[in-house]
Number of protein chains: 2
Amino acid sequence: MSQTVDRALSILPLLAEGPANLEQVSVRLGVHKSTALRLLRTLHEHGMVYRQADQRYRLGARLFALAQQAVENLDVREIAHPHLVELNENCGHTVHLAVHEENEVLYIDKVESRYPVRMYSRIGKPVATTVAAVAKLLLADLPEPERRALAEKLDYPRYTPRSTPDATAFLAELAKVREQGWATDLGGHEESINCVAAPIRGADGRVIAAMSVSAPNVVVTADELLTLLPLVRRTADAISREYSGNGPAKHPE
Amino acid sequence: MSQTVDRALSILPLLAEGPANLEQVSVRLGVHKSTALRLLRTLHEHGMVYRQADQRYRLGARLFALAQQAVENLDVREIAHPHLVELNENCGHTVHLAVHEENEVLYIDKVESRYPVRMYSRIGKPVATTVAAVAKLLLADLPEPERRALAEKLDYPRYTPRSTPDATAFLAELAKVREQGWATDLGGHEESINCVAAPIRGADGRVIAAMSVSAPNVVVTADELLTLLPLVRRTADAISREYSGNGPAKHPE
DNA sequence: ACGATCGTTGCAAATGTTGCAACACGACCT
DNA sequence: AGGTCGTGTTGCAACATTTGCAACGATCGT
């Protein structure tokens with residue numbers, strides 16, 4: 001849309017291949033040397049390119065600084081929220097978002113069910129680590145030794161007959177969850193409540209958060225809830241993509 | 001030099017602070033909404049910015065990819081990293097690696113302290129040039145006229161009573177550092193934080209990077225930290241040797 | 001249903017960008 | 001030295017690109 005900016009930005013991937021001098025840049029851009037010079041000067045002033053001792057240009061450190069600052073300010077919650085709302089509008093059930101922090105798993109966002117019968121939970125409150133579907137996903141992604149150490153440190157309360165009984169069972173469950181890429185909690189915490197959950201991954205593929213849909217079985221049976229799995233996974237994937245800055249282009253052309 | 005590109009690039013640091021909508025961008029740029037829209041579109045086409053579900057803009061994936069390539073070109077980092085880790089394993093404190101570029105000194109790598117009390121710093125962020133130990137080493141190696149010119153252009157913020165007060169004091173400190181081949185920062189930036197640093201040299205003997213060990217004095221006193229100096233210098237020398245292709249033979253023949 | 005807020009589009013004016021040609025500088029060769 | 005090649009740099013005039021405007025649309029909340 002903007003020719004000048006378009007040309008300037010085209011220089012960056014070109015330099016990413018390796019240092020280049022003015023002539024080479026102008027030729028590959030298809031513009032006059034003087035034009036390339038002025039574009040490079042502007043990029044230089046912004047620290048996006050750097051001029052090395054032999055006068056050739058390479059990518060500058062400011063690029064690195066920007067990226068670093070951006071990831072620090074990234075907030076999963078902010079990005080995920082609209083997606084959670086959309087999912088809730090589609091299925092009507094309670095939607096949760098959780099992260100792993102300091103050996104606890106915490107809900108950091110929630111969209112309430114639109115059915116009259118709701119499950120109890122509170123944002124900011126630690127979840128039942130050994131049974132919650134989101135906890136399984138978050139812990140399943142830990143490095144093996146850490147995962148094992150944590151599993152052995154945990155208590156395994158018998159909330160219901162279907163609760164995870166001990167560390168061995170928990171580790172087996174984590175392995176399964178890690179393999180299949182999603183998790184459930186079928187009455188492990190409250191007899192009558194089921195959840196399905198899917199992981200949200202950062203640009204490097206590591207699980208940074210997990211989301212779930214929960215419903216009491218007076219509203220839908222476990223089987224019915226499971227039919228929502230593809231939708232939940234699609235939503236989680238969309239959040240992952242957006243979080244890593246790879247979402248579908250939304251600009252009308 | 002190029003107004004259009006200049007404006008477009010100014011959008012990036014602005015978005016690095018966090019997502020912003022069209023209106024906010026146009027106001028902070030001081031241009032009309034339609035102008036900002038077109039610039040953002042162009043950035044968008046190049047993947048430098050991304051539009052999230054709520055229509056606000058943030059930095060895009062291409063920027064991260066470029067940043068990645070930019071640091072890969074800084075190959076000191078690759079070579080140094082294992083040494084930094086080893087040093088951290090030996091002493092437990094925060095270890096930094098920094099380079100000088102375009103009149104700024106930037107951290108390009110960091111290994112976190114294993115003590116609970118940590119100092120704050122960020123990779124990619126410019127350091128406090130007038131007080132940081134690594135900055136002293138990098139600037140001390142500049143040719144005399146450049147060094148003087150730079151020293152006189154700098155601001156000398158009084159972070160603490162022990163901060164470098166003015167250009168004269170700074171140049172004297174640089175001379176000392178150049179002479180002794182190592183540098184310290186004893187509470188010059190944060191009252192309670194001390195650093196010792198050593199230079200990494202290329203094959204021609206010029207300082208190409210600097211590394212430091214930092215610790216708050218609630219963990220170790222300045223005197224105790226100074227006992228680490230020989231270790232820091234040995235590590236820096238090892239990196240220098242490896243960088244200039246003189247490292248310890250990895251495949252003894 | 002209405003007003004408010006924010007994003008989007010077409011257009012005409014003019015500002016900013018472009019390519020040119022000439023110059024500057026250094027390296028290299030005869 | 002002088003000359004030539006290869007590059008980077010600058011001033012300028014022509015004009016293409018960008019700009020701000022104003023009007024339109026979409027969405028939201030009361």
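Quick note on labels: first sequence line is chain A, next is B, and so on, each numbered from 1.
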Among residues 28-35 of chain A, which residues get a heavy atom nearer than 4.0 Å to DNA chain C?
Val31(A), His32(A), Ser34(A), Thr35(A)
Whole-Å distance between dT18(D) P and Leu37(B) CG?
14 Å
Donor-acceptor pair present, Arg38(A) side chain and dG19(C) base, under 3.5 Å
yes
Regarding Glu242(A) and Arg58(B), does a basic nitrogen lie under 4.0 Å from an acidic carboxylate oxygen?
no
Do any N or O atoms from the side chain of Thr164(B) and from the backbone of Phe170(B) form a donor-acceptor pair under 3.5 angstrom?
no
How far apart are the closest heavy atoms of Ala198(A) and Arg233(A), and which atoms are they?
CB-CA, 3.9 Å
The side chain of Gln3(A) lies closest to which of these nucleotides: dT17(C), dT17(D), dT9(C)?
dT17(D)
Using a 4.0 Å heavy-atom cut-off to protein, can you give one letter per nucleotide of nucleotides 25-30 of chain D, 5' to 3': B if the base is in contact, S if only the sugar-phosphate is, - if neither?
------
Hey, which of these two, Asn21(B) or Arg7(B), hits DNA chain C nearer its 5' end, going by closest nucleotide?
Asn21(B)
When the rotation axes relating C1' atoms of four end pairs to the next four are compared across the helix from dT8(C)-dA23(D) to dT30(C)-dA1(D), five pairs an end, they differ to 10° by 40°
Under 4.0 angstrom, heavy atoms only, what part of the nucleic acid is Arg56(B) near: base, sugar-phosphate, or nothing?
nothing
note: Asp6(B), atom CG; dT17(D), atom P; distance rounded to Å ~ 20 Å
Over 12 non-hydrogen atoms of neighbours within 6.0 angstrom of CD in Glu179(B)
no
Given dT17(D), dT8(C), dT7(D), identify the nucleotide with an atom nearest to the side chain of Glu23(A).
dT7(D)
Flag the pair Arg77(A) and Asp75(A) as a salt bridge only when some basic side-chain nitrogen lies within less than 4.0 angstrom of an acidic carboxylate oxygen.
no
